[in-house]
A.B. asks: 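I have a structure I would like to understand better, so I am pasting it below and will then ask my questions one at a time.
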Amino acid sequence: MTDTDTSLRSVTIERTGPGHFVATNARGGTVAFGGASDDGTEFTPVELLLAALGGCTAIDVDVATSRHAEPTRFSVAVTGNKVNDEHGNHMTDLTVTFSVSFPDGEGDGGGGADRARAILPRAVKSSHDRLCTVSRTVELGTPVTARVQEA
């Protein structure tokens with residue numbers, strides 16, 4: 001296997017009905033999405049982007065902090081504005097906000113909760129600045145190629 005083979009990530013998207021789709025990853029995981037559905041239960045592609053931004057950083061932060069103490073609350077809110085301007089449709093003002101708490105005091109008696117609280121801001125910054133592939137890709141402005149394959 002070459003380095004390119006091991007770095008490749010992919011999903012396949014299949015249409016399941018008018019305006020409804022399912023994405024499948026290489027491991028067989030699936031997520032349904034579409035336009036604004038009648039019952040409002042499906043994610044839109046923009047909501048999936050927001051979830052990917054928050055989820056990527058959440059994983060990094062959880063790994064860094066939960067090794068010291070199990071959080072009592074771990075919530076991430078991701079917001080942004082969808083605009084249509086001279087650049088076409090796009091998102092602006094993307095913000096990822098963490099609300100995380102740990103047990104009062106030192107938690108495990110060894111200072112774990114205090115350590116987790118202390119490293120939380122650094123873990124969020126490290127994920128944003130270096131680790132989270134999703135937010136790094138968005139911020140770097142990676143080009144996207146769209147093409148049609150003949151059937």
Side-chain angles (χ1 to χ4, degrees), residues 7-146:
S7 68
L8 180 67
R9 304 295 188 269
S10 67
V11 296
T12 327
I13 298 170
E14 297 289 334
R15 182 179 185 267
T16 59
H20 299 277
F21 302 87
V22 171
T24 305
N25 65 21
R27 296 173 310 283
T30 62
V31 62
F33 67 95
S37 63
D38 294 337
D39 64 3
T41 59
E42 286 183 337
F43 278 75
T44 67
V46 170
E47 291 164 339
L48 290 174
L49 173 67
L50 297 175
L53 284 168
C56 183
T57 300
I59 290 168
D60 292 339
V61 170
D62 187 45
V63 167
T65 59
S66 66
R67 72 178 70 160
H68 300 289
E70 187 64 21
T72 55
R73 183 181 75 242
F74 195 113
S75 177
V76 182
V78 186
T79 60
N81 296 307
K82 184 177 176 184
V83 298
N84 181 340
D85 59 18
E86 67 274 8
H87 303 289
N89 291 337
H90 61 104
M91 296 294 292
T92 64
D93 306 314
L94 295 169
T95 304
V96 179
T97 304
F98 280 79
S99 178
V100 181
S101 58
F102 300 95
D104 289 337
E106 297 182 359
D108 64 1
D114 287 341
R115 280 195 303 274
R117 271 189 291 282
I119 68 168
L120 177 63
R122 187 174 60 232
V124 170
K125 182 174 177 16
S126 178
S127 178
H128 175 266
D129 292 350
R130 299 183 302 107
L131 301 174
C132 175
T133 304
V134 177
S135 63
R136 298 304 312 140
T137 301
V138 169
E139 287 201 337
L140 292 171
T142 302
V144 176
T145 302

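Index from 1, following the sequence.
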A.B. asks: Please identify each residue that fulfils side chain to side chain contact (heavy atoms under 4.5 Å, CB included) with Thr95, with sequence neighbours left out.
C.D. replies: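 Thr95 satisfies side chain to side chain contact (heavy atoms under 4.5 Å, CB included) with Thr79, Thr97 only.
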
A.B. asks: Counting neighbours of CZ on Phe98 that are heavy atoms of other residues, nucleotides or ligands and sit closer than 6.0 Å, is the number greater than 12?
C.D. replies: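 More than 12 heavy atoms, drawn from other residues, nucleotides or ligands, come within 6.0 Å of this atom.
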
A.B. asks: Of the non-hydrogen atoms in Ala23 and Ile13, which two are nearest, and what is the gap between them?
C.D. replies: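 Ala23 and Ile13 have their closest heavy atoms at CB-CG1, 4.1 Å.
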
A.B. asks: Would you name the heavy atoms of Ala32 and Glu42 that are closest together and state the gap between them?
C.D. replies: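 Closest approach of Ala32 to Glu42, heavy atoms only: CB-OE2, 4.2 Å.
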
A.B. asks: Going by the rule side-chain hydrogen bond (donor to acceptor under 3.5 Å, both in side chains), which residues pair with Ser10 if we only count those two or more places apart in sequence or in a different chain?
C.D. replies: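 Not a single residue meets the side-chain hydrogen bond (donor to acceptor under 3.5 Å, both in side chains) criterion with Ser10.
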
A.B. asks: Distance check, rounded to the nearest 0.5 Å: Arg67 atom CZ versus Ile119 atom CD1?
C.D. replies: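 Between atom CZ of Arg67 and atom CD1 of Ile119 there are 6.5 Å.
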
A.B. asks: Mind checking side chain to side chain contact (heavy atoms under 4.5 Å, CB included) for Asn89 and listing every partner two or more places apart, or none if nothing turns up?
C.D. replies: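 Asn89: side chain to side chain contact (heavy atoms under 4.5 Å, CB included) contacts with Asn84.
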
A.B. asks: Closest approach of Asp114 and Arg117, non-hydrogen atoms and distance?
C.D. replies: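 Looks like OD1-NH2, 2.5 Å.
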
A.B. asks: With sequence neighbours left out, what residues match Glu139 under salt bridge (Lys or Arg N to Asp or Glu O under 4.0 Å)?
C.D. replies: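 Glu139 satisfies salt bridge (Lys or Arg N to Asp or Glu O under 4.0 Å) with Arg136 once adjacent residues are dropped.
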
A.B. asks: Tell me every residue that passes side-chain hydrogen bond (donor to acceptor under 3.5 Å, both in side chains) with Asn25, counting only those two or more places apart in sequence or in another chain.
C.D. replies: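 Applying side-chain hydrogen bond (donor to acceptor under 3.5 Å, both in side chains) to Asn25 gives none.
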
A.B. asks: Among residues at least two apart in sequence or on other chains, which ones pass side chain to side chain contact (heavy atoms under 4.5 Å, CB included) with Ser75?
C.D. replies: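 Listed in chain order: Ser99.
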
A.B. asks: Which donor-acceptor pairs under 3.5 Å do the side chains of residues 55-62 make with protein atoms, sequence neighbours left out?
C.D. replies:
| from | atom 1 | to | atom 2 | distance (Å) |
| --- | --- | --- | --- | --- |
| Thr57 | OG1 | Ser127 | OG | 3.4 |
| Asp60 | OD2 | Ser127 | OG | 2.7 |
| Asp60 | OD2 | Cys132 | N | 3.4 |

A.B. asks: When you compare the side chains of Thr12 and Thr24, does any donor N or O come within less than 3.5 Å of an acceptor on the partner?
C.D. replies: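 The answer is no; no qualifying pair exists.
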
A.B. asks: Got a donor-acceptor contact below 3.5 angstrom from the Arg73 side chain to the Pro71 backbone?
C.D. replies: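 Not confirmed, Arg73 side chain does not pair with Pro71 backbone.
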
A.B. asks: Give the minimum heavy-atom separation between Gly34 and Pro45, together with the two atoms involved.
C.D. replies: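 Gly34 and Pro45 have their closest heavy atoms at O-CD, 3.5 Å.
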
A.B. asks: Return the set of residues passing side chain to side chain contact (heavy atoms under 4.5 Å, CB included) with Leu94 (not counting sequence neighbours), or none when no residue passes.
C.D. replies: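 With sequence neighbours excluded, Leu94 shows a side chain to side chain contact (heavy atoms under 4.5 Å, CB included) to Leu50, Leu53, Met91, Val138, given in chain and number order.
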
A.B. asks: Test of understanding: with ring pair (Phe, Tyr, Trp, His ring centres under 6.0 Å), list the residues that count as partners of Phe21, not counting sequence neighbours.
C.D. replies: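 Residues passing ring pair (Phe, Tyr, Trp, His ring centres under 6.0 Å) with Phe21: Phe33.
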
A.B. asks: Could you state the interatomic distance from CD (Glu47) to NZ (Lys82), rounded to the nearest 0.5 Å?
C.D. replies: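 Glu47 atom CD to Lys82 atom NZ measures 10.0 Å (nearest 0.5 Å).
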
A.B. asks: Of all residues at least two apart in sequence or in a different chain, which pass the side-chain hydrogen bond (donor to acceptor under 3.5 Å, both in side chains) check with Ser66?
C.D. replies: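 side-chain hydrogen bond (donor to acceptor under 3.5 Å, both in side chains) check on Ser66 returns nothing, list empty.
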
A.B. asks: Sequence neighbours left out, what passes side-chain hydrogen bond (donor to acceptor under 3.5 Å, both in side chains) with Arg130? Give chain and number order.
C.D. replies: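 side-chain hydrogen bond (donor to acceptor under 3.5 Å, both in side chains) check on Arg130 returns Ser126.
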
A.B. asks: Keeping the roles fixed (side chain from Thr65, backbone from Ala116), state whether a donor-acceptor pair exists under 3.5 Å.
C.D. replies: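 Flag not set: sc Thr65 to bb Ala116 has no pair under 3.5 Å.
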
